[in-house]
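Okay, structure first, notes after.
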Amino acid sequence: MIALQRLRDDPDGVKRDIARKGEPPDVVDRLLAADARRRELEATANELRARRNAGNRQLGELIRTQRRAEAEALKAELANVSIEVDAMTGGLRDIEESIEHDLLLVPNPPHASVPDGRGAEENPVVREWGERRAEGSSAPHWEIGERLGLFDLERGAKLAGSGFVLYTGVGARLQRALIGFFIDLHLERHGYREVWPPFVVNAASARGTGQLPDKEGQMYVVERDGLYLVPTAEVPVTNIYRDEILPAGELPLNVVAYTPCWRREAGAAGRDTRGLLRVHQFEKVEMVKLVRPETSYDELERLTRDAEEAVEALELPYRTVERCGGDVGFAQAKGYDLEAWAPGVGKWLEISSCSNYTDFQSRRMNIRYRDTADARPELVHTLNGSGLALARTVAALLETHLQPDGSVRVPAALRPHLGGLEAIR
RNA sequence: GGAGGGGUGGCCGAGCGGACGAUGGCGGCGGUCUUGAAAACCGCUGAGGUGCAAGCCUCCGUGGGUUCGAAUCCCACCCCCUCCGCCA
């Protein structure tokens, strides 16, 4: 959620910025008009309430001193004031609701450094790492997986439906190994704290990170209990500090967590349906940062490096792209995607997305910090990034490390997590 | 799932219809005293809105209701605790 204050201070700048994301700017003018009206109404309602409060104090005094006639007269007058106050607050509430509603339609303006562009195909490549295998020099991961008995897509579909994967044997152990490897890496090398959150959240949490109301259709819902299966660990982890004021000394707060991620992928029917490229449940280790505002763009670079190191440790050639204006998410000010090369399917696979949300989420969640005991609380900046998402990482890993003899080489860094296994065969 | 108890400021805890944004204690900050510290003593110490400011307004789990007036009474919901049942 954007600050109303920012719209008042610089309406034209905000309009220009959100246009870069391809959002229509007229909502800004509508909001400013409603805001002016609200402040007017509030001033009047305020005066009325002040009158009522003062009158009530006076009435209490009259009753205590037994001045009955005066008390009755005042009481009658105050009853009328109360009716007026009620009418006023009713009108106020309507206008506040409309402001609240419109405010949620305004995206986070992209940072000045974000490149122009309409969509993902225009994202500039900022870094590329590793020597990628020629397209076709490998095999699609579903062939490798089936041959080596690593996962069973048909039985996964039998259990839960198409897009749900049953990992088997070494494939199952590989899931566990990757989760452990990623958490340990960020814990031991990058200084993150580990948490293990609930894998479902309530509506307030889903609202906090912006899954509700915008992306409701993407989540699996447990209607009976009012719970949502998490689409990413970002949701429970960022919400840990919802409605709290953190001591400045706690910042930056770096947290790493594993969760399964459930996504309905509504609207993506027919896209990437084979193999592990687009599934309804995948495992992901996520990094979340709560930081001081002036450091958030530096922290984004650091976060992105932390994710990149995870890919490099798996010896997977990848590239880092910066999301252009048209591809930066609604709630984000700036972000990078990490794309691993999958030579079997001949595609770059998005295996991490690292973003700075500035104060857009923290305003919604009311997460603040306080510098000194007498300072006003300020909103933190929130960031998150995958480190990494498993299903696609597994796809890239199988296709990249496939050997001529049909086995898959296990990258050295992963071996301790697989009981020393050097090759899957 | 059943029965009871409870949600008040950073924490503990009082208030149970009018002078209460809320006594008191702890913690924190500032000061006096001290060579320094501790102790003692004094003062300050919730968040938000609006305003140049004084101030005014809102918030006592959440939402409704009763009343001229609600932290206080009524209803619903949420959360926590205790006991019983069930259970990995």
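Proteins come first, then strands; the chains are lettered A, B, ... in the order of their sequence lines, and each starts at number 1.
If you check residues 30-46 of chain A against RNA chain B, the residues with a heavy atom closer than 4.0 Å are A:Arg39, A:Glu42, A:Asn46, listed by number.
Remark: the backbone N or O of A:Asn123 is not paired with any side-chain donor or acceptor of A:Arg323 at under 3.5 angstrom. Without hydrogens or angle criteria, A:His381 side chain to A:Tyr357 main chain gives no donor-acceptor distance under 3.5 Å. No donor-acceptor distance shorter than 3.5 angstrom exists from the side chain of A:Glu122 to the backbone of A:Gly117, with no hydrogens or angles considered. With A:Arg16 contributing its side chain and A:Pro11 its backbone, the two residues share no donor-acceptor pair below 3.5 Å. No side-chain donor-acceptor contact under 3.5 Å links A:His141 to the backbone of A:Leu397.
Side-chain atoms of A:Arg8 and A:Gln5 form a donor-acceptor pair, as typed in the model, at a separation below 3.5 Å. Side-chain contact, A:Glu378 with A:Tyr369: no donor N or O sits under 3.5 Å from an acceptor N or O. Using a 3.5 Å distance cut-off with no hydrogens or angles, the side chains of A:Thr168 and A:Asp152 do not pair a donor with an acceptor. In this model, a donor atom of one side chain and an acceptor atom of the other lie less than 3.5 Å apart for A:Thr320 and A:Glu308.
Summary of the strand contacts: A:Arg8 and A:Asp86 both lie near RNA chain B, and taking for each the nucleotide with the nearest heavy atom, the more 5' one is attributed to A:Arg8. Sequence order on RNA chain B of the closest nucleotides to A:Ala76 and A:Pro377 puts A:Pro377 first from the 5' end.
Residue-environment remark: CD (A:Glu146) stays at or below the threshold of 12 foreign heavy atoms within 6.0 Å. Counted within 6.0 Å of CZ on A:Arg155, heavy atoms from surrounding residues, nucleotides or ligands total 12 or fewer; the atom is thus considered open.
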Could you list the protein-to-nucleotides 72-74 of chain B atom pairs, N/O on both sides, closer than 3.5 Å?
none

Output one line per pair: protein atom, nucleotide atom from nucleotides 75-81 of chain B, and distance, for all N/O pairs under 3.5 Å.
none

Tabulate protein N/O versus nucleotide N/O from nucleotides 17-22 of chain B, keeping only pairs under 3.5 Å, one per line.
{"residue": "B:rA19", "atom": "N6", "partner": "A:Arg64", "partner atom": "NE", "Å": "2.4"}
{"residue": "B:rA19", "atom": "N6", "partner": "A:Arg64", "partner atom": "NH1", "Å": "3.3"}
{"residue": "B:rA19", "atom": "N1", "partner": "A:Arg64", "partner atom": "NE", "Å": "3.3"}

Enumerate all atom pairs, one protein N or O and one N or O from nucleotides 60-65 of chain B, separated by less than 3.5 Å.
none

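Following rounding to the nearest Å, A:Ile83 (CD1) and B:rC68 (P) show an atom-to-atom distance of 9 Å. Distance A:Arg363 CZ to B:rA47 P: 18 Å, rounded to the nearest Å. Atom CD of A:Gln58 and atom C1' of B:rC68 are 12 Å apart (whole Å). Regarding A:Glu77, its CD atom lies at a distance of 10 Å from the C1' atom of B:rC68, rounded to whole Å. The nearest whole Å value for the distance from the CD atom in A:Glu96 to the P atom in B:rG48 is 17 Å. Nucleotide B:rG49 holds its P atom 16 Å from the CG atom of A:Leu92, rounded to whole Å. If you measure from atom CD of A:Glu47 to atom C1' of B:rU50, you get 12 Å, rounded to the nearest angstrom. When the C1' atom of B:rC68 is taken as reference, atom CD of A:Glu70 falls 15 Å away, rounded to whole Å.
Contact detail for A:Cys354 and A:Ala307: the closest heavy-atom pair is SG-CB, 4.0 Å. Between A:Pro236 and A:Val230, the shortest heavy-atom distance links the atoms CD-CG1, 3.7 Å. Across every non-hydrogen atom of A:Ser296 and A:Asn356, the tightest pair is OG-ND2, 3.0 Å.
Exactly one of A:Glu234, A:Glu299, A:Glu250, A:Glu301 qualifies for a salt bridge (Lys or Arg N to Asp or Glu O under 4.0 Å) with A:Lys289. That residue is A:Glu299.
A:Arg368 comes within contact range of the sugar-phosphate backbone alone, with a heavy-atom separation under 4.0 Å but no base atom that close.
In terms of phosphate contacts, A:Asn53 brings a side-chain nitrogen or oxygen within less than 4.0 Å of OP1 or OP2 of B:rC57. The shortest distance between the side-chain N/O atoms of A:Ser82 and the OP1/OP2 oxygens of B:rU67 is not below 4.0 Å.
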For RNA chain B, produce a single dot-bracket line, 5' to 3'. Pairs: Watson-Crick or G-U wobble, both distances under 3.5 Å. Symbols: ( ) within strand, [ ] crossing, | other strand, . unpaired. ((((((((.[[[..)..(.....]]]((((((.......))))))(((((....))))).[[[[[..)....]]]]])))))))....
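With ring centers used as reference points, A:Tyr297 lies under 6.0 Å from A:His111.
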